[in-house]
Amino acid sequence: RVFAENGNLKPDVIEVLKVIKETGSVLATGHLSWQESKSLVEYATREFKISKIIVTHPIYQKIEMPLEIQKELATLGAFIEIPFSMYSIDKIPIERLVEQIQIIGAEQCILSSDVGQVFSKSPSEALEEFIGLLDSNGISEKDLRLMLIENPSKLASFK
């Protein structure tokens, strides 16, 4: 939890946000509830002007962030992570991931493998399969390049 009982951010979370801002690092929401993720992203963008943010696999069943909230956070500049593992491990239909990309817009999405478990494919094999699935379900090569290369590059820069 990042919020105290009184609804304020915990002091150690504020310290982490300060370091993220000072170093130009990336804020990722991890496995927070969607409500906490939403509040954290809003606070980080408003109070700290943090611009490098990843909303981590918000479609994960334990998070289940509504698409309209994902879209709202994307309009604040956050990137929405779309991982292969949601399909391969959690059995979320590929059509649902495609819908997520279409609603949010490839401009604010990042594709990842989120694999590495001993029972999973390698990250490169997973991404190769993921690209093929997304391509065969109507995601353009231009959008795939945007989500795999260009958007992550924006987060990796130290500008």
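For Ser85 (side chain) and Ser88 (main-chain N/O), no donor-acceptor pair under 3.5 Å exists by modelled atom type. Side-chain atoms of Lys21 come within 3.5 Å of backbone N or O of Lys49 as a donor-acceptor pair. One N or O on the side chain of Ser140 and one on the backbone of Asp143 form a donor-acceptor pair closer than 3.5 Å. Ser25 contributes no side-chain N or O that, together with a main-chain N or O of Ile20, makes up a donor-acceptor pair within less than 3.5 Å. Looking only at distances, a side-chain donor or acceptor of Ser153 sits under 3.5 Å from a matching main-chain atom of Ile149. With hydrogens and angles ignored, the 3.5 Å screen pairs no side-chain donor or acceptor of Ser113 with any backbone N or O of Ala126.
For Cys109 against Ile101, the heavy-atom pair with the smallest separation is SG-CA, 4.2 Å. Here the closest heavy-atom approach between residue Pro58 and residue Ile63 is recorded as O-CG2, 3.7 Å. The nearest pair of heavy atoms linking Asn137 to Glu95 is OD1-OE2, 4.0 Å. The nearest pair of heavy atoms linking Thr56 to Gly30 is OG1-N, 3.1 Å. Nearest heavy atom pair, residue Leu17 against residue Ile50, reads O-CD1, 3.7 Å. The shortest non-hydrogen separation linking Ala106 to Asn151 is O-ND2, 2.8 Å.
Side-chain contact between Lys10 and Phe3: absent, with no pair of heavy atoms (C-beta onward) separated by less than 4.5 Å. Between Met147 and Ile139, some side-chain heavy-atom pair lies under the 4.5 Å cut-off. For the pair Phe84/Val115, a side-chain contact is recorded, criterion being any heavy-atom separation below 4.5 Å from C-beta on. In this structure, Ile54 and Leu155 have side chains that are in contact, with non-hydrogen atoms separated by less than 4.5 Å. Inter-residue side-chain proximity for Phe130 and Ile94 is flagged as met; some heavy-atom pair is nearer than 4.5 Å.
Within a 6.0 Å sphere centred on CD of Glu47, other residues, nucleotides and ligands contribute more than 12 heavy atoms. Crowding of Glu141 atom CD: a count of heavy atoms from other residues, nucleotides or ligands under 6.0 Å not exceeding 12.
Checked against salt bridge (Lys or Arg N to Asp or Glu O under 4.0 Å), Arg96 has the following partners two or more places apart in sequence or in another chain: Glu64. Evaluation of the salt bridge (Lys or Arg N to Asp or Glu O under 4.0 Å) rule for Glu81 yields no partner, not counting sequence neighbours.
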### Task
Take Ile110 and Leu148, measure what side chain to side chain contact (heavy atoms under 4.5 Å, CB included) needs, and give me the verdict at the end.
CA-CA 6 Å; Ile110 292 178; Leu148 276 171; over 6 Å; no

### Query
After noting the C-alpha distance and the side-chain angles of His31 and Lys62, does the key distance pass the side chain to side chain contact (heavy atoms under 4.5 Å, CB included) rule?
CA-CA 8 Å; His31 287 171; Lys62 293 180 181 179; over 6 Å; no

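The CG atom of Asn6 sits 10.0 Å away from the CG atom of Leu9 when rounded to the nearest 0.5 Å. Rounded to the nearest 0.5 Å, atoms CG (Leu134) and CD1 (Ile82) are 9.0 Å apart. Of the inter-residue distances, the one linking Ser37 atom OG with Glu42 atom CD reads 11.0 Å to the nearest 0.5 angstrom.
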Residues 68-75, side-chain donor-acceptor partners within the protein, below 3.5 Å, at least two apart:
residue, atom, partner, partner atom, Å
Gln70, OE1, Gln100, NE2, 2.6
Gln70, NE2, Met65, O, 2.9
Lys71, NZ, Ile103, O, 3.4
Lys71, NZ, Ile104, O, 3.3
Glu72, OE2, Lys38, NZ, 3.4
Thr75, OG1, Glu72, O, 2.5

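The same ILVMFWY cluster, assembled from side-chain heavy atoms under 4.5 Å apart, contains both Tyr87 and Ile80. By the rule that hydrophobic residues join a cluster once side-chain heavy atoms approach within less than 4.5 Å of another member, Leu133 and Ile89 end up as members of separate clusters. No path of Ile, Leu, Val, Met, Phe, Trp and Tyr side chains, each step under 4.5 Å between heavy atoms, connects Leu146 with Leu97, placing them in separate hydrophobic clusters. Note: the hydrophobic cluster containing Ile59 also contains Ile53 (ILVMFWY, side chain heavy atoms under 4.5 Å, direct or indirect links). Under the 4.5 Å side-chain contact rule for hydrophobic residues, Phe79 and Val98 do not share a cluster.
Checking Val13, Ile14, Asn8 one by one against Tyr43, the side chain to side chain contact (heavy atoms under 4.5 Å, CB included) holds for a single residue, Ile14.
In this pair, Tyr60 and His57 present their aromatic rings perpendicular. The plane angle is above 60°, beyond the 30 to 60° band.
The existence of a salt bridge linking Glu36 and Arg1 is confirmed by a sub-4.0 Å separation between a basic side-chain nitrogen and an acidic carboxylate oxygen.
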